[in-house]
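Below: one structure, written as structure tokens.
The chains referred to below are lettered A, B, ... by the order of the sequence lines, with proteins before strands, and numbering in each begins at 1.
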Amino acid sequence: MTEFSKLSISSAIKGLNNKDFTSVELTQYYIEKIQENSNLNCFITPTFETALEMAKKSDENITKKKQRSLEGIPIGMKDLFCTNGTRTTAGSKILENFIPFYESTVSENLWNSGAIMLGKTNMDEFAMGSANTTSFFGNVINPLNPKSSKNSELVPGGSSGGSASAVCSGLCMGATGSDTGGSIRQPASFCGIVGLKPTYGRCSRFGMIAFASSLDQAGPITKTVEDSALMLQSMASFDQKDSTSSRKKIPNFLDFKNIEIKGKKIGIPKEYLIDGLNSEIRRVWDQGVNWFKSEGAEIVDISLPHTNSALPAYYIIAPAEASANLARYDGIRYGFRENEKDIKELYEKTRGKGFGKEVKRRLMIGTYVLSAGYYDAYYLKALKVRKLISNDFEEVFKSCDLILTPTTPNVAFPIGEKQTDPIEMYLNDVLTVPASLAGLPAISVPSGFNDEMLPIGLQIIGRPFDEISVLSAGSMIERLRGF
Amino acid sequence: MSIDNSTVKKVASLARIEIKSDEEDTLIKELNNIILWVDELQKVNTDKVDPMLSVFNESMPMRQDIAKSNYSNKLIMKNSPKSNSGFFVVPKVVE
């Protein structure tokens, strides 16, 4: 009997093809796990019936030796990806009853590869949050606890908190996430798993509920780096339905195994040594540098001088784009509606009641920075700063191949913390946002623990469309970290 | 204070979001803190820097303007909170 809890996606694929177990057995196992752990609140909408039907089909394909790349692998789908016939809420009251009649390209690609949908995972409302505490469907709980206070409930990070917590607690083999300013990497770091944000344009945004369109990018959340490559392979595609979907050739991401770290130049940006960087995270970062040295990589000190401006620029650009994107939620064509006699009142009451506090805050900021008299001072200024940040990266990639940094300034914190001052919550993403603004691929890989045995992730940032090198470096950490 | 009572009312109206009077004071404080914080950017020299709207730098080829999806009216209306005879129903907007 195979121990399902220990299986990675790659080992499960072998087991399924060897007929050690069936996809229905595997799926049944995960359904039970989700039911047993409903207290973690990882799923907004479980889809167990669909999952079992899909698993049955997968078992038939395996018997007929017609298996596809992820045949029979049960995954979680972030509730930001529209799924045909299955409720898709983006964690918001305003979409509480929304049932799409079309499928997002990323989810369609995954189903076409044989993956199985266990359910739609919980998330911060419209992906706005870093702790999964803004969902209309309640907080997600991190399954990990500090060593000294086992009863303390920690946040899983956000916005892909449901996906991260589910993968960490073994409720699915992998899950999709979306990353606008760190929403894949930060929760992966908080939960001790692997999160990859691909290059902007690698995965189609069609059918992904939009937050900030120039930043949003889908990516996998998995237990291992190899699983990350496997899932990304299915998720990535050129798509005519997304005007910023890349036509660049999609490599075989598993080729990361053939990329040598020896001789690679690893940049260490001094600006990432921020005030408030936890000393234990600093120690793991230093350890990471030593791992690369021991593998024959060359360490290069680099400077990304506009790093400090990245977060403020992000908190102008992302809310501005969100205020335009979320204008569609008007209570007329779908979603929640507050009935009123006057149309403007209908809009205002619908949106006032349908959106949560954080979303309203960001829509107000976004509307303000785009409004007459402030557009140049805030929005245009932020776009220029974005260019400077992007130029910084372009410049350093002339002298290094990859950049190594911590993923987050701190480890997972207790639920309820950082709730009074929004900026304190925003600072969670200070180390992930720069790569987002520059559209670069970046991975978070578990690399160590603090004294409380809470995981610490390191982030590796690569050149545009060089996910393979990023994966290769991630896999090196996996090999050397000793757990 | 760059954002005062009347600014919040104006912005909320532009964003079509009802702000309850008991939410107003907290919101004004929070928005001011955020604006004060992002104001840091004014210190950055951006002379002769072009604004960057997107990192995407591939050309966007033209395609034939042919409708490909054929969703039925019934399907589209299914999510509508209020509809009648295949139309969305809204409050009267013309006198």
task: Search all heavy atoms of G331(A) against all heavy atoms of P81(B) and return the closest pair with its distance.
output: O-CG, 3.3 Å
message: Does Q240(A) form a side chain to side chain contact (heavy atoms under 4.5 Å, CB included) with K68(B)? I'd like the steps, not just the answer.
response: CA-CA 11 Å; Q240(A) 282 208 336; K68(B) 282 187 181 157; 3.3 Å; yes
Contacting region of D50(B) [heavy-atom separation from chain A under 4.5 Å]: backbone
message: I'd like to know if E58(B) pairs up with R247(A) as an ion pair, taking the criterion as any Lys NZ or Arg NE/NH1/NH2 lying under 4.0 Å from an Asp or Glu carboxylate oxygen.
response: no
- prompt: Out of curiosity, I35(B) CD1 to Y374(A) OH, how far, rounded to the nearest 0.5 Å?
  reply: 9.0 Å
statement: Honestly, the part of K43(B) sitting under 4.5 Å from a heavy atom of chain A is neither
- request: Could you verify whether a donor N or O on one side chain and an acceptor N or O on the other, from S309(A) and E40(B), lie under 3.5 Å apart?
  value: no
task: Measure across L53(B) and S214(A) and return the closest heavy-atom pair with its distance rounded to 0.1 Å.
output: O-CB, 3.5 Å
- prompt: When you look at I76(B) and Y334(A), which way does the side chain to side chain contact (heavy atoms under 4.5 Å, CB included) test go after all the steps?
  reply: CA-CA 9 Å; I76(B) 291 167; Y334(A) 43 77; over 6 Å; no
- request: Answer with side chain, backbone, both or neither: which region of S246(A) has an atom nearer than 4.5 Å to a non-hydrogen atom of chain B?
  value: both
task: Nearest 0.5 Å please: distance from the CD1 atom of I316(A) over to the CG atom of D39(B).
output: 8.0 Å
- request: Please confirm whether the backbone N or O of R16(B) pairs with a side-chain atom of R351(A), one donor and one acceptor, at under 3.5 Å?
  value: yes
query: By a 4.5 Å heavy-atom criterion (distance strictly below it), what part of Y379(A) contacts chain B: side chain, backbone, both, or neither?
result: side chain
field: For T367(A) against A15(B), the heavy-atom pair lying closest together
entry: OG1-CB, 3.4 Å
- request: Output the option from K387(A), E321(A), R386(A) having the highest count of non-hydrogen pairs under 4.5 Å with chain B.
  value: R386(A)
field: Option that, when pairs with chain B are counted at under 4.5 Å, heavy atom only, ranks first among I389(A), L311(A), L215(A), N308(A)
entry: L311(A)
message: Tell me whether the rings of Y71(B) and F101(A) are parallel (<30°), tilted (30 to 60°) or perpendicular (>60°).
response: perpendicular
query: Where do N79(B) and I99(A) come nearest, in terms of heavy atoms and distance?
result: ND2-O, 2.7 Å
field: Residue pair K349(A), E18(B): steps toward the salt bridge (charged side-chain N to carboxylate O under 4.0 Å, His left out) verdict
entry: CA-CA 6 Å; K349(A) 291 237 160 75; E18(B) 182 188 54; 3.6 Å; yes
Part of V90(B) within contact of chain A (heavy atom distance under 4.5 Å): both
- prompt: Measuring heavy-atom distances to chain B, does S436(A) have an atom under 4.5 Å in its side chain, in its backbone, in both, or in neither?
  reply: neither
task: Measure across I423(A) and N33(B) and return the closest heavy-atom pair with its distance rounded to 0.1 Å.
output: CD1-O, 3.5 Å
query: Would you call the rings of Y200(A) and F56(B) parallel, tilted or perpendicular, where under 30° means parallel and over 60° means perpendicular?
result: perpendicular
field: Between P464(A), S213(A), A438(A), the one whose heavy-atom pairs under 4.5 Å with chain B are most numerous
entry: A438(A)
Pair E23(B) + K357(A), salt bridge at N-O below 4.0 Å: no
statement: K381(A) and L41(B) have their tightest heavy-atom pair at CE-O, 3.1 Å
field: V8(B) and M364(A): CA distance, side-chain angles, deciding distance, side chain to side chain contact (heavy atoms under 4.5 Å, CB included) verdict
entry: CA-CA 8 Å; V8(B) 159; M364(A) 291 287 287; 4.0 Å; yes
field: Side chains of P91(B) and D342(A) in contact at under 4.5 Å (non-hydrogen atoms)
entry: no
field: Under 4.5 Å from a heavy atom of chain A, the part of I17(B) involved
entry: both
message: Can you tell me which of G201(A), S243(A), G335(A) forms the most heavy-atom pairs within a distance under 4.5 Å of chain B?
response: S243(A)
message: Shorter than 4.5 Å, heavy atoms on both sides: which option in S54(B), S13(B), S83(B) has the most such pairs with chain A?
response: S13(B)
Under 4.5 Å from any heavy atom of chain B - which part of I332(A): both
message: Let's test your reading of the structure: which of N45(B), I19(B), L31(B), L14(B) forms the most heavy-atom pairs below 4.5 Å with chain A?
response: L31(B)
query: What do the steps show when you test L388(A) against M52(B) for side chain to side chain contact (heavy atoms under 4.5 Å, CB included), and what is the final call?
result: CA-CA 9 Å; L388(A) 291 173; M52(B) 186 184 212; over 6 Å; no
- line: Whatever's closer than 4.5 Å to a heavy atom in chain B on E340(A) counts as backbone
field: When K82(B), Q42(B), M60(B) are compared by non-hydrogen pairs under 4.5 Å with chain A, the top option
entry: Q42(B)
query: Is the shortest heavy-atom distance from the side chain of S2(B) to the side chain of Y368(A) under 4.5 Å?
result: yes
